[in-house]
Amino acid sequence: MKGFVEKLNKVLEVILGTIGIAMILIQTYAVFARNVLQVASPWTDEALKLLFVWTIFTGAAMAFYIDDAICLTLVEDSKMVKSRPAVYGIMKIIQFAGATAVALFMMWHLRTIIGTQMSTGEATTVLKYPLWIMNSGIMVGMIFTVFYGVIKLIDCKKYFVKQ
């Protein structure tokens, strides 16, 4: 399973990196159009918002998996915790379970929001793309967070095995 997740993360890194470059190019054009060409480019704001939502929530899920973004460094690095793997494991279980529960809660409500936007055909003002596409980025991020959370919770058993 770990090999699959590592390959998935590599693919996501390439996709998110490409989107990041596209966002830089779009923002550069927006500034150039406004300041040099003296023309409005309202589509850039909508395009950037869409890309931003997708990259932030997917990237946050990846950061959650790496376990660099969610930790209590002061507590985790203390002698009391480092000398007791079970205490460290309990802390990690609380962190991973909490994040997974929040992601499941968000998924539950996003299901309603996205469904409503699909059924009403709600679209953005300028580009007229369906609004559910943007909110699907949040949903995908939450799905990845739950997926990674379950993997991390299963991995916590190593803290309770006698070595």
Side-chain angles (χ1 to χ4, degrees), residues 1-73 76 91-156:
M1 182 60 123
K2 195 167 191 153
F4 169 75
V5 173
E6 297 303 324
K7 287 178 185 175
L8 174 65
N9 282 345
K10 291 290 183 199
V11 170
L12 287 175
E13 286 174 6
V14 170
I15 292 170
L16 294 177
T18 305
I19 292 172
I21 292 169
M23 290 171 67
I24 290 169
L25 293 173
I26 291 169
Q27 186 60 47
T28 302
Y29 170 77
V31 171
F32 180 77
R34 181 178 60 244
N35 295 327
V36 176
L37 302 177
Q38 306 264 326
V39 295
S41 54
W43 65 270
T44 59
D45 289 337
E46 282 188 10
L48 286 170
K49 185 175 10 170
L50 172 69
L51 296 174
F52 191 68
V53 165
W54 275 82
T55 55
I56 288 299
F57 284 93
T58 308
M62 290 174 63
F64 173 67
Y65 177 73
I66 294 168
D67 198 21
D68 282 343
I70 180 169
C71 68
L72 304 168
T73 307
E76 286 184 10
M91 273 183 26
K92 287 306 194 184
I93 288 171
I94 291 168
Q95 289 174 351
F96 299 144
T100 303
V102 168
L104 285 168
F105 177 80
M106 295 271 299
M107 285 172 58
W108 179 260
H109 290 288
L110 281 164
R111 178 187 53 85
T112 304
I113 292 167
I114 292 170
T116 301
Q117 290 172 338
M118 288 176 127
S119 66
T120 62
E122 189 176 357
T124 61
T125 310
V126 179
L127 291 178
K128 303 287 185 215
Y129 65 81
L131 201 53
W132 63 266
I133 292 174
M134 183 173 55
N135 290 321
S136 293
I138 302 170
M139 178 68 95
V140 168
M142 294 302 109
I143 290 169
F144 276 121
T145 301
V146 169
F147 174 68
Y148 291 147
V150 169
I151 290 170
K152 298 298 267 183
L153 283 167
I154 292 169
D155 193 43
C156 280

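Quick note: residue numbers are just sequence positions, from 1. Source: prediction; values computed, not measured.
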Close side-chain approach of [X] to [Y], heavy-atom, < 4.5 Å:
| X | Y | value |
| --- | --- | --- |
| Thr58 | Ile15 | no |
| Leu8 | Phe147 | yes |
| Phe57 | Thr145 | no |
| Phe32 | Leu37 | yes |
| Lys152 | Tyr65 | yes |
| Ile138 | Asn135 | yes |
| Arg34 | Val31 | yes |

Shortest non-hydrogen contact between [X] and [Y], atoms and distance:
| X | Y | result |
| --- | --- | --- |
| Phe64 | Ala99 | CE1-CB, 3.5 Å |
| Ala33 | Ser41 | CB-OG, 4.0 Å |
| Ala97 | Leu153 | N-CD2, 3.9 Å |
| Tyr129 | Leu50 | OH-CB, 3.4 Å |
| Gly149 | Thr100 | CA-OG1, 3.3 Å |
| Val146 | Ala103 | CG2-CB, 3.6 Å |

- Verdict with supporting geometry, Phe144 and Met62, side-chain contact (heavy atoms from CB on, under 4.5 Å): CA-CA 8 Å; Phe144 276 121; Met62 290 174 63; over 6 Å; no
- Message: One pair to check against side-chain contact (heavy atoms from CB on, under 4.5 Å): Glu46 and Met134. What are the steps and the verdict?
- Response: CA-CA 10 Å; Glu46 282 188 10; Met134 183 173 55; over 6 Å; no
In Å and rounded to the nearest 0.5 Å, what is the [atom1] to [atom2] distance from [X] to [Y]?
| X | Y | atom1 | atom2 | answer |
| --- | --- | --- | --- | --- |
| Leu16 | Ile21 | CG | CD1 | 11.5 Å |
| Cys156 | Gln95 | SG | CD | 9.0 Å |
| Met91 | Phe96 | CE | CZ | 10.0 Å |
| Thr44 | Leu127 | OG1 | CG | 9.0 Å |
| Thr116 | Leu131 | OG1 | CG | 11.5 Å |
| Leu48 | Ile24 | CG | CD1 | 10.5 Å |

- Query: Above 12 or not: heavy atoms from other molecules or residues under 6.0 Å from CZ of Phe52?
  - Reply: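 Result for CZ/Phe52: open.
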- Message: Lys10 vs Glu13, test: side-chain contact (heavy atoms from CB on, under 4.5 Å). Steps then yes/no.
- Response: CA-CA 5 Å; Lys10 291 290 183 199; Glu13 286 174 6; 4.0 Å; yes
- Message: Tell me if a side-chain donor or acceptor on Trp132 pairs with a main-chain N or O of Ser119 at a distance below 3.5 Å.
- Response: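 Side chain of Trp132 to backbone of Ser119, a donor-acceptor pair under 3.5 Å: no, none is there.
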